[in-house]
Amino acid sequence: MFNEQEDIPKILKGDLAVFELLVKQYERLVFTVVSRMLNQQEDIEDVCQEVFIKVHRSLRSFKFASKLSTWIARIAYLSSINYLKKYKRFNTAFPPEDLEQLHFTEENPETAALSKDASAYINRLMNELPAVYRTVLTLYHLQEFSYQEIAAITGMPEGTVKSYLFRARKMMKEKLVAYLKKEIV
Amino acid sequence: MTDMNDEQLQRMLEEGAPIPPDSEELQAYKMLFNALQQPLSVHVPNRFASRVSMRIQAKRERVSNLRFYLLIAAIIFCSAAVTAGMLLAFAPATAVSILGVIIAKKWLFIFSAGALTAIQLADKWLLKKTTAKLMDEY
């Protein structure tokens, strides 16, 4: 088990074995954040490696002002955004505020087969949301970060985080209600 | 349902507060919250931590080698400067004749320096490529 207070000074002295403990402790968090932003497994692994290399390089600047997990998640989030921008896959032409105008894939036999249960349908909806919304939902529901922590990770104001969460859930709920009605009929 | 009701429903589910009798909307929200809390199936490759550690180690070695080469270059440059200074101070004639040789054979010196740099760069490139390949196999 990684102990922040005791183990960070050891890493700063050059102990790579202790750094491996840190990687093992936070690799799932980093993979979850990066997977929500990127799609290709190879890209995901490359970015995750870069994240931990950045963590190692910048660990000296970590002043225990936040939880280490929040600090690492922020590096993972920013690295994913940089990667998407670098390969021009970050949709800046589509402001995340316009969620209501987002067009989801129309239901067809293929997508219907893929989402034969509500849970799969929700996952499909999630994957079609803009990356920022996916990240906020994942950080809140899956990683159980607070609004303040998500604001620190993404650099968005806390009010924006709340608003993104609310709108994404409301929109998904409306789609789900329509889907469930169709299922019952 | 209004936005206000959606807000209230979401807040109640977030806080785990007592919820009103089931409605279609509430049912959908419950289902959504449950699905969002399901662990994501992320694939963390075997020995991921070791691979990161190996990359950091390889980088450390490259930095250390670069420092060593820079130190050697600085020592050579300083020695040459000191020698030139001493020759100019104590044996100006010899200094002028050495400078003449250097000027006459300038292309040989430039070519040698270029060749040495190219060999070093090629070696570094090959080493980086081999290390990356080894790490992929690891």
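Below, read A as the first sequence line, B as the second, and so on, with proteins coming before strands; counting in each chain starts at 1.
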What pair of heavy atoms forms the shortest contact from [X] to [Y], and how long is it?
X: A:Leu165; Y: B:Gln10; result: O-OE1, 4.3 Å
X: B:Ala35; Y: A:Ile122; result: CB-CD1, 3.5 Å
X: B:Val42; Y: A:Phe31; result: CG1-O, 3.9 Å
X: B:Ala28; Y: A:Lys173; result: CB-CG, 3.9 Å
X: A:Arg169; Y: B:Tyr29; result: O-CE2, 3.9 Å
X: B:Pro39; Y: A:Leu142; result: CA-CD1, 3.7 Å

When rounded to the nearest 0.5 angstrom, what is the spacing between [atom1] in [X] and [atom2] in [Y]?
X: A:Lys24; Y: B:Arg47; atom1: NZ; atom2: CZ; result: 10.5 Å
X: B:Ser53; Y: A:Leu21; atom1: OG; atom2: CG; result: 10.5 Å
X: B:Glu14; Y: A:Lys162; atom1: CD; atom2: NZ; result: 9.0 Å
X: B:Gln27; Y: A:Leu176; atom1: CD; atom2: CG; result: 9.5 Å

Contact between [X] and [Y] at the side-chain level, heavy atoms closer than 4.5 Å - yes or no?
X: A:Arg57; Y: B:Lys59; value: yes
X: A:Leu180; Y: B:Met31; value: yes
X: A:Lys170; Y: B:Glu25; value: no
X: B:Ile56; Y: A:Phe52; value: no

(request) Answer with side chain, backbone, both or neither: which region of A:Gln41 has an atom nearer than 4.5 Å to a non-hydrogen atom of chain B? (result)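 Contact with chain B involves the side chain of A:Gln41 alone.
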(request) Could you tell me which portion of A:Ser35 (side chain, backbone, both or neither) has an atom closer than 4.5 angstrom to a non-hydrogen atom of chain B? (result) side chain
(request) Could you please spell out the steps behind the side-chain contact (heavy atoms from CB on, under 4.5 Å) verdict for B:Leu36 and A:Tyr140? (result) CA-CA 9 Å; B:Leu36 290 173; A:Tyr140 186 83; over 6 Å; no
Can you establish whether the number of heavy atoms outside [X] located under 6.0 Å from its atom [atom1] is more than 12?
X: B:Phe68; atom1: CZ; answer: no
X: A:Lys13; atom1: NZ; answer: no
X: B:Phe111; atom1: CZ; answer: no

Do [X] and [Y] land in one hydrophobic cluster if side-chain heavy atoms of ILVMFWY residues count as linked below 4.5 Å?
X: A:Val18; Y: A:Phe64; value: yes
X: B:Ile102; Y: B:Leu88; value: no
X: A:Tyr87; Y: A:Leu84; value: yes
X: A:Met171; Y: A:Val177; value: no
X: B:Leu99; Y: B:Val82; value: no

(request) State which residue, out of A:Glu27, A:Gln49, A:Glu45, fulfils the side-chain contact (heavy atoms from CB on, under 4.5 Å) condition with B:Pro45. (result)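 The side-chain contact (heavy atoms from CB on, under 4.5 Å) with B:Pro45 is passed solely by A:Glu45 among A:Glu27, A:Gln49, A:Glu45.
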(message) What part of B:Gln57 gets within 4.5 angstrom of chain A, counting heavy atoms only: side chain, backbone, both, or neither?
(response)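 Answer is both: backbone and side chain atoms of B:Gln57 are under 4.5 Å from chain A.
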